Each structure stands twice: as C-alpha cells, then as structure tokens.
Student: 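Below is the structure I would like to discuss, written out as structure tokens.
What you see is a predicted model, and the numbers here were worked out from it, not measured in a lab.
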Number of protein chains: 2
Amino acid sequence: MGSAEDAVDGYRPWSEVTPDAARRLLVAAVEAFAERGYHATTTRDIAGRAGMSPAALYIHYKTKEELLHRISRIGHDKALEILTTSADGPGSPADRLDAAVRSFVRWHAAHHTTARVVQYELDALAPEHRAEIVELRRQSDAAVRRILADGVAAGEFDVPDLPGTTLAVLSLCIDVARWFNVAGQRTPDEVGGLYADLVLRMVAARPAPAR
Amino acid sequence: MGSAEDAVDGYRPWSEVTPDAARRLLVAAVEAFAERGYHATTTRDIAGRAGMSPAALYIHYKTKEELLHRISRIGHDKALEILTTSADGPGSPADRLDAAVRSFVRWHAAHHTTARVVQYELDALAPEHRAEIVELRRQSDAAVRRILADGVAAGEFDVPDLPGTTLAVLSLCIDVARWFNVAGQRTPDEVGGLYADLVLRMVAARPAPAR
DNA sequence: CCGGAGGGTGAGCAAGCGCTTAGCCTTGTC
DNA sequence: GACAAGGCTAAGCGCTTGCTCACCCTCCGG
C-alpha cells in the first residue's frame with residue numbers, strides 16, 4: 001500500500017538511512033510518533049509496525065530517544081535546506097519570499113507526519129540533542145529574516161516589526177503540520193499557494209498609504 | 001510565588017472549580033501537562049505539585065483523562081467566548097477582526113500553559129470527549145468565518161479563499177501558545193497588537209489593484 | 001565442511017505506571 | 001461524647017514500560 005511518506009518532489013524520504021531494517025524501523029517510528037506522540041508510543045509498537053520483535057529495535061538504535069533524535073535531525077536538515085535554497089536564490093525579495101513560503105509549506109503538508117514529529121516533539125529530546133536542533137531552527141529564523149530585511153531595504157516590503165513578523169511567518173507555516181490532513185480536500189500545492197499569497201500580503205508595502 | 005496562571009484581564013482562572021483541593025490539583029495538572037505533555041506526566045507528579053499524596057487525586061477525579069477533559073473543556077469555553085464576543089460585537093468588520101485576533105492572541109499568550117494543553121493534547125482525550133471539544137472548535141471557526149464574510153460583503157476585505165483564510169488566521173493565533181515564552185521580551189498585549197495588524201493586512205482590500 | 005559475524009528472536013528483569021483499598025484523621029450535629 | 005461523613009494517606013496490586021540477555025538462524029570466505 002502507498003504510505004504518506006512516498007516520494008514527493010522527486011525526493012524519496014529516508015534513503016540516507018541504512019541498512020534496510022534500520023530504515024523500516026525509523027519509518028515505523030515516524031508514523032507512530034506522529035499518530036500518538038512520542039511518549040504514548042511504545043518500542044513494541046514501533047517494532048511491530050516494522051514487522052520485527054521488540055528486541056530488534058536495539059540492534060539498530062541504542063534507545064527510543066535516539067530514534068527521535070535521528071528523525072528530528074534529518075527532518076530539520078531537509079526543512080532548513082528547502083528554506084535556505086529559496087532565501088538565498090535569485091529573484092526579487094517578493095519572489096524569494098513566495099518561493100520560500102510555498103516550498104516550506106508544501107513540505108510541511110506533504111510530509112506532515114514527519115513534520116509533526118519534528119516540530120512538536122522537541123521537548124522529548126535529551127538536552128544536548130535538543131540544543132543541536134534548536135540551533136537549526138535559529139538558522140531557519142535567520143533565513144526568513146534575511147528575505148524580509150532585503151525586501152524592506154528594496155522598498156518592496158513594509159515590516160514595522162521584523163523579528164515579530166519573522167516569527168509569525170514561520171509559525172504560520174509550521175502549524176500546517178498540525179492541521180493538515182490527507183483526507184482533506186486541499187493538496188500540499190494548493191496550501192502552499194494560498195499561504196504564499198497570505199504572507200506576501202502581510203508584508204507588502206502599501207502603494208498609497210492613508211495619511 | 002506568582003504563577004503563570006495568576007489573574008489576567010480581571011479574570012481569575014479556575015474559580016469555577018471547587019472545592020479548593022480539586023482546583024489545586026487541576027492547576028497542578030495544567031502546569032505539568034503544559035511542561036511535559038499529557039502522556040509524560042504521572043498522576044504522582046500532579047499530586048506532588050498540589051502537595052498531596054497520589055491517592056488524593058482519585059477522590060476528586062475518576063481518572064487522569066477526566067482531569068484533561070475538564071481542563072480542555074473550561075479552556076475551550078473561555079477561548080470561544082473571547083472570540084465570539086468580538087465576532088458578534090459592534091463595529092465594522094475590520095474593527096471586529098482586530099478585536100477578535102487581539103483578544104484571542106492575548107489569551108493564548110497570557111494563558112499559554114493552559115492554551116498549550118487545550119490546543120495540543122486533543123488526541124489524548126477519550127473519543128466522546130474529543131468529539132465534544134471538536135464541536136467547540138467548529139464554532140470558533142464559524143465565528144472567524146463570519147467576520148471575514150461580513151467584511152467581504154461590505155467591500156472592506158478581499159478574501160479569495162474564505163475557508164482557507166479562516167483556517168490560516170486561527171492557526172496563526174493558536175500557534176502562539178506553542179512559542180510564547182514568559183521570559184521573552186514581548187507582552188501578551190504586544191503580540192496581540194502585532195498579530196491583529198498582520199491579519200488585517202492579510203485580508204484588506206487593495207485600494208487600487210494592478211490590472 | 002567449518003566457523004565466525006551480523007541480524008534476528010523469546011523470555012524476562014527492574015522500574016514505573018494508573019488506580020484501589022483499608023484505615024485514619026478532622027469536622028459538624030445532636 | 002458518640003458518630004457519621006468527607007478528605008486524605010500508606011501500602012500495594014496488576015500491568016506495561018524501556019531495555020537486556022542467552023541463544024539461534026543465515027550467509028559466506030577458505
């Protein structure tokens with residue numbers, strides 16, 4: 001059967017995880033964590049979904065937390081790559097913001113199970129792993145802030161509160177992972193288009209402001 | 001010491017919960033659930049925070065899930081009340097949208113521990129309790145949609161995708177509970193003001209659209 | 001045909017879980 | 001001063017949890 005984690009954007013997920021058994025366990029963990037949350041998921045459940053005995057998990061991962069960390073790390077790397085590719089790409093600030101929001105949102109919708117784990121299970125990580133992930137998120141924030149600052153400098157955007165607006169844009173995109181539902185009527189592409197439009201309106205300079 | 005749940009907006013939280021011991025347990029549960037999540041919180045932890053023995057919890061609540069349900073119900077009632085008061089209040093659609101977003105966001109920021117439990121632990125509820133809460137959320141959605149539709153009808157707003165924009169506005173506000181931090185530099189009032197401005201820009205009719 | 005290595009299992013341990021029970025205080029009533 | 005009732009605790013039951021350990025396949029070079 002087709003999983004929610006099938007190839008999207010020509011990107012086959014988790015191909016970097018080897019051997020095969022380790023990948024199957026990791027994919028099973030993503031599904032379980034996304035459905036029930038990290039703490040409500042048992043190692044027996046993960047192993048069962050992967051078609052293995054409970055003990056098999058510990059051949060490939062030292063602890064349940066290591067599984068979460070691996071998922072979180074790979075997911076954040078991918079999300080950050082998507083953002084920075086748009087942020088540092090060609091085009092006007094408006095073009096770059098449109099591309100960044102569109103692709104970031106599309107990823108959060110298409111891979112909403114992964115994104116849910118990545119974005120909402122941060123607190124379950126061990127302190128040193130958490131710190132590592134928080135640094136990646138700081139970089140995401142910087143990427144968005146860069147686009148907005150460039151747009152302000154170019155006179156394309158009107159952003160009275162740069163840090164606050166950066167936060168709001170990222171927050172809006174990230175929360176897609178919470179509500180997006182495959183059974184819903186919207187495709188990831190459509191949500192990406194809608195959100196890109198909304199965000200551009202949020203920051204657009206008004207042609208003739210009332211005075 | 002002052003708790004994060006001290007009186008705000010002239011509203012002292014949980015005053016509807018009696019007797020005193022039951023309220024202390026409930027407040028302890030809110031703090032614990034918000035910090036660690038429902039599943040990672042033990043009944044011993046809740047009782048301990050309330051200064052009682054583990055068994056004391058079961059005098060006032062049948063199960064741990066009943067505690068979550070009570071918190072979720074009271075929180076959703078309050079959030080919905082805030083939203084509908086603005087939505088059905090006086091003033092232009094723009095005024096009402098400003099008031100709705102401002103107060104809804106302020107509540108999510110000021111009571112971010114409660115809001116976190118209310119918004120992010122929905123899946124831990126028993127099916128029948130979950131259904132009850134989902135219905136309240138449907139009403140929140142309807143309230144925001146009403147304002148937007150009124151604004152469009154009045155020619156004040158330009159909203160190509162009404163359901164999608166409604167979802168985005170609510171999502172933006174709700175996610176405040178995830179990132180808001182008392183130690184941060186923004187007050188709930190400031191965040192409310194910022195967000196009201198951003199949302200109004202998202203839906204404002206453009207005075208002279210390019211054609 | 002041997003033997004070691006890597007991937008896998010069944011059984012189970014120690015700890016922690018939600019929740020219960022028997023009994024003890026305090027309080028208010030007559 | 002007897003006594004019922006409600007609020008609370010110490011102890012612990014039955015179960016599940018993350019994780020381990022002794023052992024067993026299958027593969028493969030010599």
Side-chain angles (χ1 to χ4, degrees), chain A residues 14-72 117 121-130, chain B residues 14-72 117 121-130:
Chain A
W14 314 123
S15 55
E16 59 270 66
V17 181
T18 54
D20 186 69
R23 177 170 49 247
R24 270 159 50 219
L25 283 164
L26 191 128
V27 169
V30 168
E31 286 173 14
F33 290 164
E35 250 176 54
R36 309 139 114 86
Y38 174 79
H39 289 291
T41 299
T42 69
T43 54
R44 284 163 177 75
D45 182 23
I46 297 170
R49 282 173 194 246
M52 301 182 196
S53 77
L57 196 151
Y58 294 91
I59 297 162
H60 300 282
Y61 302 94
K62 267 210 322 245
T63 63
K64 179 178 152 188
E65 194 268 349
E66 189 194 326
L67 256 172
L68 177 62
H69 175 230
R70 283 268 241 281
I71 293 166
S72 202
V117 178
E121 300 290 354
L122 208 74
D123 290 338
L125 288 170
E128 68 274 22
H129 291 159
R130 204 183 117 89
Chain B
W14 314 124
S15 55
E16 59 270 66
V17 181
T18 53
D20 187 69
R23 177 170 49 249
R24 268 159 51 220
L25 283 164
L26 192 127
V27 169
V30 168
E31 284 173 15
F33 291 164
E35 251 176 53
R36 308 137 114 87
Y38 175 78
H39 289 292
T41 299
T42 70
T43 54
R44 292 178 221 297
D45 182 23
I46 297 170
R49 284 173 192 246
M52 302 181 195
S53 78
L57 196 151
Y58 294 91
I59 296 161
H60 300 282
Y61 302 96
K62 264 204 334 239
T63 63
K64 180 178 150 187
E65 194 268 349
E66 191 194 325
L67 255 173
L68 176 62
H69 175 230
R70 282 267 242 281
I71 294 167
S72 202
V117 178
E121 300 289 355
L122 209 74
D123 289 339
L125 288 170
E128 68 274 21
H129 291 159
R130 203 184 117 89

Student: Of the nucleotides dC8(D), dG18(C), dC19(C), which one has an atom closest to the side chain of Ile59(B)?
Tutor: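 Nearest nucleotide to the side chain: dC8(D).
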Student: Please pick, from dT9(C), dG18(C), dC19(D), the nucleotide with the shortest atom-to-atom distance to any side-chain atom of Met52(A).
Tutor: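 For the Met52(A) side chain, the nearest candidate turns out to be dT9(C).
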Student: From dG8(C), dC17(C), dG18(D), pick the nucleotide closest to the side chain of Ala21(A)?
Tutor: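 Between dG8(C), dC17(C), dG18(D), the one nearest the side chain of Ala21(A) would be dG8(C).
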Student: Could you tell me the separation between the CD1 atom of Ile46(A) and the P atom of dT16(D), rounded to a whole number of Å?
Tutor: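 Distance, rounded to whole Å: 18 Å.
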Student: Both conditions, 6.0 Å and 45 degrees, for the charged tip of Lys64(B) above the ring of Tyr38(B): are they met here?
Tutor: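 Checked: cation-pi criterion met.
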Student: Looking at the side chain of His60(B), which of dC8(D), dT9(C), dT9(D) is the nearest nucleotide?
Tutor: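 Nearest to the side-chain atoms of His60(B), counting from C-beta on, is dC8(D).
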Student: Between the side-chain atoms of Arg44(B) and the base atoms of dG18(C), is any donor-acceptor pair under 3.5 Å?
Tutor: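 By the distance-only test, yes, there is a pair.
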Student: Using whole Å, report how far CD of Glu66(B) lies from C1' of dG18(C).
Tutor: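 Answer to the nearest Å: 14 Å.
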Student: Just checking Ser53(B): base, sugar-phosphate only, or nothing, at a heavy-atom cut-off of under 4.0 Å?
Tutor: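 Base contact.
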Student: Mind calculating the distance between NE2 (His39(B)) and P (dT16(D)) to the nearest angstrom?
Tutor: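 Rounding to the nearest Å, NE2 of His39(B) and P of dT16(D) are 16 Å apart.
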Student: Return whichever of Thr42(A) or Lys62(A) has its heavy-atom-nearest nucleotide of DNA chain D closer to the 5' end.
Tutor: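 Whichever sits nearer the 5' end wins; that is Thr42(A).
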Student: Which heavy atom in Pro54(A) sits nearest to a heavy atom in Arg44(A), and how many Å separate them?
Tutor: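 That would be CG-CG, 3.8 Å.
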Student: Please find the pair of heavy atoms, one from Leu25(B) and one from Leu57(B), that lie closest to each other, and give the distance.
Tutor: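 Leu25(B) and Leu57(B) have their closest heavy atoms at CD1-CA, 4.0 Å.
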Student: Starting at CG of Leu68(A) and ending at P of dG18(D), how long is that distance when rounded to a whole Å?
Tutor: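 One finds 13 Å between P of dG18(D) and CG of Leu68(A), rounded.
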Student: According to a strict under-4.0 Å criterion, is Thr43(B) in side-chain N/O contact with OP1 or OP2 of dG18(C)?
Tutor: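 Answer yes for this pair, as a side-chain N or O of Thr43(B) is under 4.0 Å from OP1 or OP2.
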Student: Heavy atoms from C-beta onward define the side chain here; which of dG10(C), dC8(D), dC19(D) lies closest to that of Ala55(A)?
Tutor: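 Nearest to the side chain of Ala55(A) among the choices is dG10(C).
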Student: Of the nucleotides dC19(D), dA10(D), dC19(C), which one has an atom closest to the side chain of Lys64(B)?
Tutor: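 Minimum distance to the Lys64(B) side chain belongs to dC19(C).
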Student: Does any non-hydrogen side-chain atom of Ile71(A) lie less than 4.5 Å from one of Glu121(A)?
Tutor: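 No - every pair of side-chain heavy atoms lies 4.5 Å or more apart.
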Student: Report the residue from Glu65(A), Arg70(A), Glu66(A) that forms a side chain to side chain donor-acceptor pair (under 3.5 Å) with His129(A).
Tutor: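 It is Glu65(A); the other options fail the test.
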Student: Can you measure Tyr61(A) atom OH to dT20(D) atom P for me and round it to whole angstrom units?
Tutor: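 It is 16 Å, rounded to the nearest whole Å.
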Student: Distance check: side-chain N/O of Tyr58(B) vs OP1/OP2 of dT20(C), anything under 4.0 Å?
Tutor: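 No, no such contact exists.
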Student: Within this structure, what is the CG-to-P distance between Leu57(A) and dT20(D), rounded to whole angstrom?
Tutor: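 It is 11 Å, rounded to the nearest whole Å.
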